[in-house]
Structure formats: structure tokens, C-alpha cells
Amino acid sequence: MSTLTTGRPSRPSRVDEAFDFIAERIFAQDVRPGDFLRIDAIAGELDMSITPVREALNRIAAVGLAQADANRGYRVAPLLDTSAFHRLFSARHAIEMAAARGTDDQPNRWVRDLDRADVDRLGELVDRMGTIEHDSSYQQYSEYSRLDGLLHREFMRLSGNEFLLTAWQSLHFHMHVSRLYTGVGVIDFDEAQAEHHALVDALRERDGELFVFLCDKHIRRAEQRLSHLLPSLRDSAAE
């Protein structure tokens, strides 16, 4: 089973197993926005105690897939509406662009100082993303989204501003947006991969100005492409 989290140990714990089980049910819409996530029922389905399930639900809530309901447990969080979707992209754009530009006194300096090994790892990651199936199954699109998030996290980390990295991680951007892939898969796979390769090529050439330009274009184009997956637009297209 795939997950959109990163840094998972090779042998998942019971908490990890419960997290993946709950996340998959949410992404597959086996449970709908507003439904309660019952600790005892989930524990029964997984044949485990309620302790790891409770911890998994805490994590589910921490990444924005569920919301605490006072004294009643957790409810599945609503999907992004149009306004929230664009606010999320606006926050992502502000943070990633600040990281890409670097400091005012040394703009793009981090790009010039990159080790070749770091750039090679980014290229390998993009190549790996290109081999993943990306249709409407949770296992496939969630793995692509996990690696997409890891790639952008590495861009943020390599820029050297740990405070921007923390702010970016707190968005849980890929977790939120990937819920829109349910039933359709990664609709912009080819475009996104071409843009990812271009970003890594700019870093390989140590061209900071080009990287900033491409980063801006990538985020804005992704927002435009994925906006068509918003529930309101899906409903209109179906009529």
C-alpha cells in the first residue's frame, strides 16, 4: 500500500499500517467528507488494538485529511473548494518562490553552490517518477504524488532556508491536492514531468535565474491544470 508521507521506515509500524488504511479509504471516497472515522470499527477491520488506530487518526488530522469533532472523534475533512484551492496555491507559490530566489544580498547563490551529487539525485528522482503508473487507482497516483512532494521538498531543503522549509511542509500541499485525483488519476502527468526535467536541467546548469522563472511557471501552470478537478467544475462538466 502506498502513502503520501515521506521518510517512512522500510518496515511500517502498526500506526503506519492504520494510517495507510484510513488514508486510502478517504482518497478512494469509501468514506465521504463529513463521515465519522470510528476508532473501534477501524481497529476491528485491521485486527489491532485502538492505540495505534488513535495515533494514526491523530496523524490523519495533522495532515488535514480529518478534523476533530469535539468529544465525538474525527470526521473526514471536506475537499478543497475553489477558494481554498487557490489560497493553497498562493501560499505554495509564495514559499517556493522565496526559497528559489534566495536572500536579497545573494540571490540564487544556493543554485551556484549545489553539489553535483545533489542534482544527480534530483534527476534520478524525476526519472523514477516517469516510470510510475498514474491512472485512477490510489496506489498509483498516491505514489506519484509522494515522489512529487519529495522532489519539491528537496528543492526547498537545498535552498538552505529551514524556516521556509518548515512553512512549506506545514501546507501538506500534495496531500490536499491529491484528493482531487480520485477517479481520474494524474491528469497532467506529461506536462508536470516535462516541467520537472526542465527545473532539474536549470539546476544542472547552475542557472538560478532560469530556475526561478521555471519554478514560477510550473506552479502557475499546475494551478491552472488542476483547477479543472475541483468538485464544482467536475459537477458542471458532468451536466
Side-chain angles (χ1 to χ4, degrees), residues 1-81 84-85 87-88 91-92 128-129 132-153 165-187 226 229-231 234-235:
M1 189 176 294
S2 297
T3 179
L4 297 183
T5 58
T6 58
R8 182 63 57 83
S10 58
R11 292 186 176 182
S13 68
R14 297 293 269 173
V15 175
D16 295 331
E17 292 175 13
F19 180 98
D20 285 348
F21 175 81
I22 299 165
E24 180 168 3
R25 293 197 67 196
I26 292 173
F27 275 76
Q29 296 187 7
D30 294 332
V31 286
R32 308 285 293 183
D35 286 352
F36 277 108
L37 298 167
R38 308 285 184 185
I39 293 179
D40 53 350
I42 295 170
E45 289 186 70
L46 293 174
D47 191 25
M48 63 174 64
S49 72
I50 65 172
T51 300
V53 175
R54 181 181 292 110
E55 176 59 29
L57 283 170
N58 287 337
R59 291 188 188 178
I60 288 288
V63 299
L65 291 179
Q67 299 172 340
D69 192 303
N71 302 317
R72 300 184 67 186
Y74 294 95
R75 288 181 181 269
V76 178
L79 290 166
L80 293 171
D81 61 22
F85 173 87
R87 292 199 307 274
L88 178 63
R92 175 195 178 180
R128 181 180 169 195
M129 292 167 66
I132 293 174
E133 296 294 333
H134 48 278
D135 66 16
S136 59
S137 73
Y138 167 80
Q139 286 82 2
Q140 292 173 355
Y141 71 71
S142 67
E143 178 62 8
Y144 182 83
S145 292
R146 184 185 73 83
L147 295 178
D148 189 8
L150 181 58
L151 176 69
H152 284 273
R153 181 187 182 280
L165 174 60
T166 297
W168 183 88
Q169 290 175 314
S170 73
L171 295 177
H172 304 293
F173 175 87
H174 290 82
M175 186 73 75
H176 286 293
V177 171
S178 294
R179 290 183 70 187
L180 302 176
Y181 287 142
T182 300
V184 295
V186 185
I187 64 163
L226 297 182
L229 297 179
L230 291 167
R234 278 187 180 175
D235 293 343

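Fair warning: this is a prediction, and the values are worked out from it, not measured in the lab.
Atom OG of S178 sits about 10.5 Å away from atom CG of L229, to the nearest 0.5 Å. Summarising the geometry, atom CZ belonging to F85 is positioned 12.0 Å from atom CG belonging to L79; distances are rounded to the nearest 0.5 Å.
Contact check for V76 versus R32: no side-chain heavy atoms found under the 4.5 Å cut-off. Side chains of Y141 and T182 form a contact here, defined as non-hydrogen atoms less than 4.5 Å apart. No side-chain heavy atom of L151 sits less than 4.5 Å from a side-chain heavy atom of L147. Annotation: side chain of R179 is not in contact with side chain of Q29 (no heavy-atom distance under 4.5 Å). In this structure, L230 and D81 have side chains that are not in contact, with every pair of non-hydrogen atoms separated by 4.5 Å or more. Looking at M129 and R146, their side chains never come closer than 4.5 Å, going by heavy atoms from C-beta outward.
Of all the heavy atoms in A61 and Y74, the pair that sits closest is CB-CE2, 3.6 Å. Scanning both residues, A66 and L37, for their nearest heavy atoms gives CB-CD1, 4.0 Å. Here the closest non-hydrogen pair linking R75 and D69 is NE-OD2, 2.7 Å. Closest of all the heavy-atom pairs between V186 and Y181 is CA-CE2, 3.8 Å. The nearest pair of heavy atoms linking A77 to G64 is CB-O, 3.4 Å. In this structure, L180 and L226 approach most closely via the heavy-atom pair CD1-O, 4.4 Å.
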TODO: Please report the C-alpha distance between F19 and E55 in whole Å, then the side-chain angles of each, then the deciding distance to 0.1 Å, and finally whether the side-chain contact (heavy atoms from CB on, under 4.5 Å) criterion is met.
DONE: CA-CA 8 Å; F19 180 98; E55 176 59 29; over 6 Å; no
Open item on the list: Determine whether M48 and E17 satisfy the following criterion, side-chain contact (heavy atoms from CB on, under 4.5 Å), listing intermediate values before the conclusion.
Closed with: CA-CA 10 Å; M48 63 174 64; E17 292 175 13; 4.1 Å; yes
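At least one donor-acceptor pair under 3.5 Å links the side chain of H172 to the backbone N or O of A62. A donor-acceptor pair under 3.5 Å is formed between the side chain of S170 and the backbone N or O of A167.
Side-chain N/O atoms of S13 and D16 include a donor and acceptor closer than 3.5 Å.
The pair R38-E45 fails the salt-bridge criterion, with no side-chain N (NZ, NE, NH1 or NH2) lying under 4.0 Å from an Asp/Glu carboxylate O.
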